[in-house]
Number of protein chains: 2
Amino acid sequence: MLAVTIYDIAREANVGIGTVSRVLNNSPKVTTQTRDRVVTVAKRLNYQPHAYAQALARKRSNTLCAIIPFFTNYFFIEVLQGVQETLTSLGYDLIIHGANSKDQVEEYLIRSMRKGRVDGTLLFSLELPERFADEFSENKMPLVLVDTFHPKFDSIRVDNATGAKIATEHLLSLGHTNIGMINANLKSAPARERLMNFKQTLTENGIAVNEENIINSSETRNDGFSRESGYHSMKECIASGKKLPTAFFVSSDIQAIGVLAALRENSIRVPEDVAIVSFDDVELAKIFDLTTMSQPMFNMGELAVKKMLERIEHPDALVTSVNFKPTLVVRASCGANKKYVFHQQ
Amino acid sequence: MLAVTIYDIAREANVGIGTVSRVLNNSPKVTTQTRDRVVTVAKRLNYQPHAYAQALARKRSNTLCAIIPFFTNYFFIEVLQGVQETLTSLGYDLIIHGANSKDQVEEYLIRSMRKGRVDGTLLFSLELPERFADEFSENKMPLVLVDTFHPKFDSIRVDNATGAKIATEHLLSLGHTNIGMINANLKSAPARERLMNFKQTLTENGIAVNEENIINSSETRNDGFSRESGYHSMKECIASGKKLPTAFFVSSDIQAIGVLAALRENSIRVPEDVAIVSFDDVELAKIFDLTTMSQPMFNMGELAVKKMLERIEHPDALVTSVNFKPTLVVRASCGANKKYVFHQQ
DNA sequence: TAAGTTTCTGAAAGCCCTTCCATGGAACCC
DNA sequence: GGGTTCCATGGAAGGGCTTTCAGAAACTTA
């Protein structure tokens, strides 16, 4: 590792270290002449500033950290793209922590509380333990929540209520009256919200809710937002022997893919026999031609970063909470389109 | 941000800062008594070490950076899981840079050359520009290559030659004699290697190579390792009107998914009419029931980290290159199994 | 008990930067 | 021309830690 410091540059350019620093930081208080001299030497010596010395002196690290349920859900990866691109363009670095358990979340939160390590923390979809809420809040450590909520912190969420409503109404508008729901684990707030508004929309439209046609996953891994969960829920539904609803609202694309598998194994056609609308619109939804509620994931990532930077600048600004409205993307799985579902004959 | 420093602890515990530091770093040269006193105070004050001050003093950041073709390919995300988990357990942090273009790769390489920023860089699947090779090498900056190669640096790769051979032999063993290949862009080294050994294996088995049945993608995005690329290649193949091979070796799972789509659109059944073997074994391969060459991605990530840490300890150790042998995972798309392909009736 | 060891401890130096402050010279004023 | 203002500049201080070094304390040994 080459060890060129501003002292070396100062010596070679016959100036003081203060001047070197000023030049490198584009301070206006340097004559063009001196500036040129310093720049030339810096280039010649191939100078690279020491990031941590800078961070220490500036009391700012230009690094954020993101804690996400990493590899379990493609959703986050897509949001992350928005985060990363925005950050990079602003000269920030991003440290990523993939959490697979509650303990890990706490471990990572502790890590990110280490003074100086990061300027702020982005927490994705994970519940914020109360004791950390207090700690972050008391110490004014910037924390932005994405797809999760806490009254003390800025949050960016999807409007699950509206999403569930639109999805359900879409199925109703297609003439379905017997509609089921394949849901994730009710421990997850989005699952609860989606369920509640699914029911409410049915009721509002004069359709009685049939609890038998609502399957809430009991899986804990990723709160039941998984292919396996969808597969098993639908299997269960079919195995029950009761008359199958003609349509299902499924709480995520990834579950819907499992649902499709279960249906196909039983030679139940989509959308002819059963129509499906799901939620998320991840990359996979396109591949499987799912009608789904699309969340502007990239934009959510972008906004998360923006909020974070504002929070860093103004630690005492009012806490804000933004709700993104999901939009309906009509593909084949709901039957509104003529073309058949991609994965089936 | 709470600002407890070792000075505060030293004062309260009636010791010197050196002693505090020693206690916190588990140096054995402290009496149990003093140690307890310091630990107690540290706990009471809720002390958190300042990461960057440590990094500066230790001349080590305990942070690595990974440059990956981020969101274009699920393959990397899976490798990354291995990387991240291993690193975290060792107290390292991981900065992630997703590169979407050559320029970005260079930008990120420059970033990671910033003194002190990271202890080492992991470069995934991307070609290392020669001028950076020189720079990293001259300055002994640790660099480990995964799924790419340069003689000056440690590398971890998949044995594409063996993989292509096994895949091809598998198709031959199933009785196919007219085998085509859907390949990625030949600009990519893996694409070239897979093609070469596909041809060679055919030749070795006394089967003439028919260039007409080999489609190399001309796409540049992600070097043609994409669903679209696979789709278009197969469309082209079908459109040519020539007799379709009874089997295809496809250079990646993601392309194979596009291939399946194209085939289905033309009512060509898999595996009955056309058998498919692909490469990678990403999560999606399971969903689509693809027979594919599996790469131990998690292990590759783990090993990459291990190599990196060794390199950091011993900057002058001999450069090593490890080849992982892929293994054949037989699912439905090759027709060796009775069960039908998941995505088709 | 004095000298010699060993062990522990406090303080200073160093890591590399940014920023503040004092300085000196140039430019400006009357 | 003497005094003032302005501004580029050099250098010290400071950021929080690790580590070295020398001295103090504790313990041996003769």
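Order of the sequence lines sets the chain letters (A, B, ...), proteins ahead of strands, with each chain counted from 1. Reckoned from all heavy atoms, side chains included, excluding hydrogens, waters and symmetry mates.
Under 4.0 Å is where a charged nitrogen must lie from a carboxylate oxygen, and between B:R311 and B:D154 at least one such pair does. Ionic pairing of A:E135 and A:K152 is not present here: no N-O contact between side-chain nitrogen and carboxylate oxygen is shorter than 4.0 angstrom.
Residues satisfying the side chain to side chain donor-acceptor pair (under 3.5 Å) test with A:R37, not counting sequence neighbours, are none.
Positionally, the nearest nucleotide of DNA chain D for B:Y52 lies more toward the 5' end than for the other of B:Y52 and B:T19.
Within the 4.0 angstrom heavy-atom criterion, only backbone atoms of the sugar-phosphate kind lie near A:N14; the bases stay farther away.
Look at CZ on B:R60: it is 24 Å from P on D:dG16, rounded to the nearest Å. The CZ-C1' distance, from A:R114 to D:dG16, rounds to 12 Å in whole Å. Taking atom CD1 of residue B:I9 and atom P of nucleotide C:dG10, one finds them 14 Å apart after rounding to whole Å.
Of the N and O atoms on the side chains of B:T320 and B:K307, at least one donor lies less than 3.5 Å from an acceptor on the other residue.
The closest donor-acceptor contact from the side chain of B:S61 to the backbone of B:A55 lies at 3.5 Å or more, if one exists at all. Remark: side-chain polar atoms of B:S21 are not paired, donor with acceptor, to backbone N or O of B:I17 under 3.5 angstrom. Panel note: side chain A:H150, backbone A:F153; no donor-acceptor pair is recorded below 3.5 Å.
For residues 99-113 of chain A, the pairs satisfying salt bridge (Lys or Arg N to Asp or Glu O under 4.0 Å) are A:E106-A:R131, A:R111-B:D93, with sequence neighbours left out. For the salt bridge (Lys or Arg N to Asp or Glu O under 4.0 Å) condition, the pairs that include at least one residue of residues 6-30 of chain B, sequence neighbours left out, are B:D8-B:R11, B:E12-B:R44.
Aromatic ring orientation, B:Y108 versus B:H97: parallel (interplanar angle below 30°, classes split at 30° and 60°). Ring geometry for B:Y52 versus A:Y52: interplanar angle under 30°, hence parallel rather than tilted (30 to 60°).
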Pairs: protein N or O with nucleotides 4-8 of chain C N or O, under 3.5 Å:
none

Where do N or O atoms of nucleotides 15-18 of chain C meet protein N or O atoms at under 3.5 Å, pair by pair?
unit_1 : atom_1 : unit_2 : atom_2 : d
C:dC17 : OP1    : A:Y47  : OH     : 2.4
C:dC17 : OP1    : A:H50  : N      : 3.3
C:dC17 : OP2    : A:I6   : N      : 2.8
C:dC17 : N4     : A:Y7   : OH     : 3.3
C:dT18 : OP1    : A:N25  : OD1    : 3.2
C:dT18 : OP1    : A:N25  : ND2    : 3.0
C:dT18 : OP1    : A:Q54  : NE2    : 3.2
C:dT18 : OP1    : A:R58  : NH2    : 3.3
C:dT18 : OP2    : A:S21  : OG     : 2.6
C:dT18 : OP2    : A:N25  : ND2    : 3.3

- Item | Sugar-phosphate or base contact per nucleotide [nucleotides 23-28 of chain D; S, B, -; heavy atom under 4.0 Å] | ------

